[in-house]
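Down below is the structure, laid out as structure tokens.
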Amino acid sequence: MARKLSLRIWRGNQADGGLQNVTVDANEGEVVLDVIHRVQAEQMNDLAVRWNCKAGKCGSCSVEINGKPRLACMTQVSSFGDEETITITPLRAFPVIKDLVTDVSFNYKKAMEIPAFEPPVGMKPGEPRMQQIDVERSQEFRKCIECFLCQDTCHVIRDHEENKKSFAGPRFFIRIAELDMHPLDILRNRKKTAQEEHGLGMCNITKCCTEVCPEHIRITDNAIIPMKERVVDEKYDPLRWLGSKIRKREGML
Amino acid sequence: MTNSLERHKYDILVIGAGGAGLRAAVEAREAGLSVAIICKSLFGKAHTVMAEGGAAASMGNVNDNDNWMVHFRDTMRGGKFLNHYRMAELHAKEAPDRIWELEMWGALFDRTSEGKISQRNFGGHEYPRLAHVGDRTGLELIRTMQQRIVALQQKDAREHGDAESHIKVFAELTITDILKENGKVAGAYGYRRENGADVLFEAPAVILATGGVGKTFKITSNSWEGTGDGHALALKAGANLVDMEFLQFHPTGMVWPPSVRGILVTESVRGEGGILTNTDGERFMFKYIPDVFKDKYADNEAEADRWYTDQDNNRRPPELLPRDEVARAINSEVKAGRGTEHGGVFLDVSKRLSAEIIKKRLPSMWHQFFELAGVDITKEAMEVGPTCHYVMGGVEVDPDTAAAVGVDGLFAAGEVAGGMHGSNRLGGNSLTDLLVFGRRAGVGAAEYVRKNPANPVSDASIAKAADRVQAPFTRSGGENPYALHQELQEVTHNLVGIIRTRNEIQSAIEQIADIRRRSTNVSVSGDRQFNPGFHLAFDLDNMLLIAESTAKSAIVREESRGGHTRDDFPGMNMQWRQKNNIASFDGTQVNVRQQPLPVLPKELFDLFDPHELEKYMTAVEMAKGGSN
Ligand SMILES: Cc1cc2nc3c(=O)[nH]c(=O)nc-3n(C[C@H](O)[C@H](O)[C@H](O)COP(=O)(O)OP(=O)(O)OC[C@H]3O[C@@H](n4cnc5c(N)ncnc54)[C@H](O)[C@@H]3O)c2cc1C
Ligand code: SF4
Ligand code: SF4
Ligand code: FES
């Protein structure tokens, strides 16, 4: 049954903006993106919100709902109390463009800084043989839908513009971990550069990123911590470092 | 206005950053050219990310009886022999290479026990053929090619000092017009969604890779991008759309709650053993096996169940019939009163697979039902019903080069192109279609550009395109684009949907014309900065042209075949199998004419058992035995 829902939506642009109150109908089973769309169709035709798939698969509709970074298309209206006002604001870590839409270009710049996948020289298409168990670790990280909620929540950059230059953020730590654990990637030193060039050292393992990840990727436990540990190992023990690269090759041949 | 206009020059414009667009862009760059990739959403978020089940390629990793000829036969059968044979042939032959190549760019597909790329069963495919990553194969494709493009940009940064010197992505930018000069493509015009600013691109070749048209319909699995922009841009530029009456209604979309209606339930659920039942508990698909498929599909439960463990000695379960058959069966069950209260039927995997296996093989389905519908698919059945999923019709192209017929410099690949899938697409064939023909479009456009250098855009063309973008703001008090869009969706859903009749289609044609008249008066509020009302005004214009093409093609095709079912002409008609419907635009309205379907050459004709072909072809065609 339809019910009346009170929303507070942030509207504005870089120069100026604030929360606006609206009341809108909400039907059974609807998600926050549905009611935003209803507001858009009926009351504010020019309300800006980014979305695409409306199925939790593309990572476009990231906003903050009652202060928490979430996907608007995967947040049920019924998860809030009947009397509760739902407050929807743009991602705080990135500059606002308009209303709920932010400029996330920071993330694309960081993606460009990470050295690409490099397969073994001379390997031909169709040749790779890998066991499921060896690809699974990297597959977990490749589930990432690039919603950037983890980036938004990470305190290292959330209110610290100055850190952005030297910190790639959790999304890109899992990208580095994915390549590092990729059975075919031959580039060395990925962990070391994560530490020295991409700011892994600035992370103090608060795990906030893991908590907001809609894909339930264990960012800290499976990517950040193992990389940090092995960076320490490798710094003191070059032989073990070599060993880990050789182990990575197992199962490929 | 033109003084401050943002202008760019490239060798090739790729409109669309889905699988087809990205693959085309990689190829064009590797051919040494400069490429702009333009897309409506952010980079890496195109509709292709939603593809779940997998990409069909006859690598033969799971069953080594598979090869391109078997795949070709399945594709033609699935399309009810209305496919452009040459596209189906190229696709079947090249798909394995396109998948293996992704692996060299970092893709990580699921593996067989021998360490090869694993392949799964899917409707209409004789052998396990779909390379996959759980149920997020589209994401893997997009991310792999996105990262490949980043790798090429990093190389350009090293070699030319600028990462964007040869490939630049223009995200959140909508193209509104293809520009032509002297009868050839000269560029494209559009606006940035972010701030509404106009942008001009000059380039001698444009590759359309804009995806599908689902948003023309009320219930669809497509994302908002699926507004048929490329189909409409091509029509307006003078290209043809072939067979626009064929739309694939995927049999299993979510039906409840209303806000998720239409969201896809991947076919892998059935591939992994999911069964369909009605509210009487009957496994109804056994009743709906058409004669042409009787020798390939089991007519009893025992045999169907055995197939999952012994595929060589049993026929397949009828749940895995091509999509059009399953969608019509569900539709009939619901119409006969054996559907759920929400108008669906039940799909259940919980009885066949353990909870652990379900969560491992169908993770996003589990997630989707649990979070959006409160249903735990490891314990309960899902409620499903048909949803508008894919358009088989599209731009008429030359199969080898992906060049659009009739417009020099225009190319089309992926869902926006027509012909490959005939009257019905097999699941998994789209993802490899994107790769095979995306690459071919890149090669085709690069060759074209070598012979046809830049073709400057005139001020008159720019002024005309700019006026069109400004128009919705110059009106006030006109129609609301949201309301018109909803009205259009009702018309298409009710009158040119899954089952059609002459009177209904006629009425649709009239109503669409009426909405189109009113749409010329659409006005939008607010300014140009990220204004969805303004964006919809353009999308609407495209969807209206698509709906008109579909309705006008549907009314003339007096037969039922694949994704076109006429209640008043229930069977296939061998005469109609020999014809394509060709839609073109005269500036005022869409006109549809017939054109002979290219005839199968003898070597491909001979790949089939004549007894099978007799079910589709006339005695005259059979006697000829192919074209040469
Ligand atoms: C839920 C779902 C699951 C699917 N699963 C499978 C599967 O398992 N296997 C399979 O083979 N197929 C599957 N399909 C079908 C397949 O995903 C699509 O057919 C395919 O992704 C289309 O790709 P494309 O490259 O042609 O276009 P899309 O991926 O749709 O991309 C279109 C691009 O064009 C851009 N664009 C459009 N208009 C404009 C414009 N005016 N200006 C600028 N840019 C524009 C868009 O922004 C976008 O970047 C599935 C489809 C859906 C909906
Ligand atoms: S664990 Fe590290 S990366 Fe994740 S939110 Fe905390 S500080 Fe940021
Ligand atoms: S890791 Fe998770 S939270 Fe971060 S961008 Fe990827 S999907 Fe989003
Ligand atoms: S719209 Fe795609 S994740 Fe929400």
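Numbers restart at 1 for each chain; the letters A, B, ... are given by sequence-line order, proteins then strands. Atom set for the values below is all heavy atoms of this structure, side chains included, hydrogens, waters and symmetry mates excluded.
Contact annotation for F43(B): both backbone and side-chain heavy atoms come within less than 4.5 Å of a heavy atom of chain A. Contact of L139(B) with chain A is made through the side chain alone, with heavy-atom distances under 4.5 Å. Looking at W256(B), the atoms closer than 4.5 Å to chain A (heavy atoms on both sides) all sit in the side chain, from C-beta outward. Neither the backbone nor the side chain of A483(B) has a heavy atom closer than 4.5 Å to any heavy atom of chain A. Heavy-atom distances place both the backbone and the side chain of L42(B) under 4.5 Å from chain A. Proximity to chain A involves both the backbone and the side chain of T144(B), based on heavy atoms less than 4.5 angstrom apart. Contacts of V101(A) with chain B are made by side-chain atoms alone, with heavy-atom separations under 4.5 Å and no backbone atom involved. Using a 4.5 Å cut-off between heavy atoms, Q486(B) makes no contact with chain A at all. Contact of K124(A) with chain B is made through the backbone alone, with heavy-atom distances under 4.5 Å. Within the 4.5 angstrom heavy-atom criterion, only backbone atoms of L47(A) (N, CA, C, O) approach chain B. Looking at N222(B), there are no atoms closer than 4.5 Å to chain A (heavy atoms on both sides), in backbone or side chain. V104(A) touches chain B through its side chain: at least one heavy atom from C-beta onward sits under 4.5 Å away, while N, CA, C and O do not. For chain B, the nearby part of E136(A) is the side chain; its heavy atoms alone come within less than 4.5 Å. Looking at N13(A), only its side chain comes within 4.5 Å of chain B, counting heavy atoms on both sides. Heavy-atom distances place both the backbone and the side chain of I145(A) under 4.5 Å from chain B. A151(B) touches chain A through backbone and side chain together, each having a heavy atom under 4.5 Å away.
For the pair D134(A) and R111(B), the minimum side-chain heavy-atom distance is 4.5 Å or more. A heavy-atom distance below 4.5 Å is found between the side chains of P128(A) and M104(B). Considering only heavy atoms from C-beta on, R142(A) comes within 4.5 Å of Q147(B) through its side chain. Side-chain contact between K54(A) and W224(B): absent, with no pair of heavy atoms (C-beta onward) separated by less than 4.5 Å. Proximity of E103(B) to M123(A): side-chain heavy atoms (C-beta onward) are nowhere separated by under 4.5 Å. Residues M130(A) and K116(B) have side chains not in contact (no heavy-atom distance under 4.5 Å, counting atoms from C-beta outward). Two residues are said to be in side-chain contact when any heavy atoms from C-beta on lie closer than 4.5 Å; V524(B) and N45(A) fail this criterion.
Between chain A and the residues E371(B), Q154(B), E225(B), E172(B), the largest count of heavy-atom pairs under 4.5 Å involves Q154(B). Most heavy-atom pairs under 4.5 Å with chain A: of the set E101(B), H47(B), H367(B), this distinction falls to H367(B). Note: Y482(B) leads Y482(B), W100(B), F534(B) in heavy-atom pairs under 4.5 Å with chain A.
Taking the centre and axis of the six-membered ring of Y108(A), the NZ or CZ atom of K45(B) falls outside the cone set by 45° and 6.0 Å.
Among Q76(A), E30(A), H37(A), the single residue meeting the side-chain contact (heavy atoms from CB on, under 4.5 Å) criterion with S259(B) is E30(A).
Atom NZ of K155(B) has 12 or fewer neighbouring heavy atoms from other residues, nucleotides or ligands inside a 6.0 Å radius.
Ion pairing between a basic and an acidic side chain is recognised when a charged N comes within 4.0 Å of a carboxylate O; E146(A) and R143(B) show such pairing.
Counting all heavy atoms, side chain and backbone alike, K57(A) lies closest to V49(B) at O-CG2, 3.8 Å.
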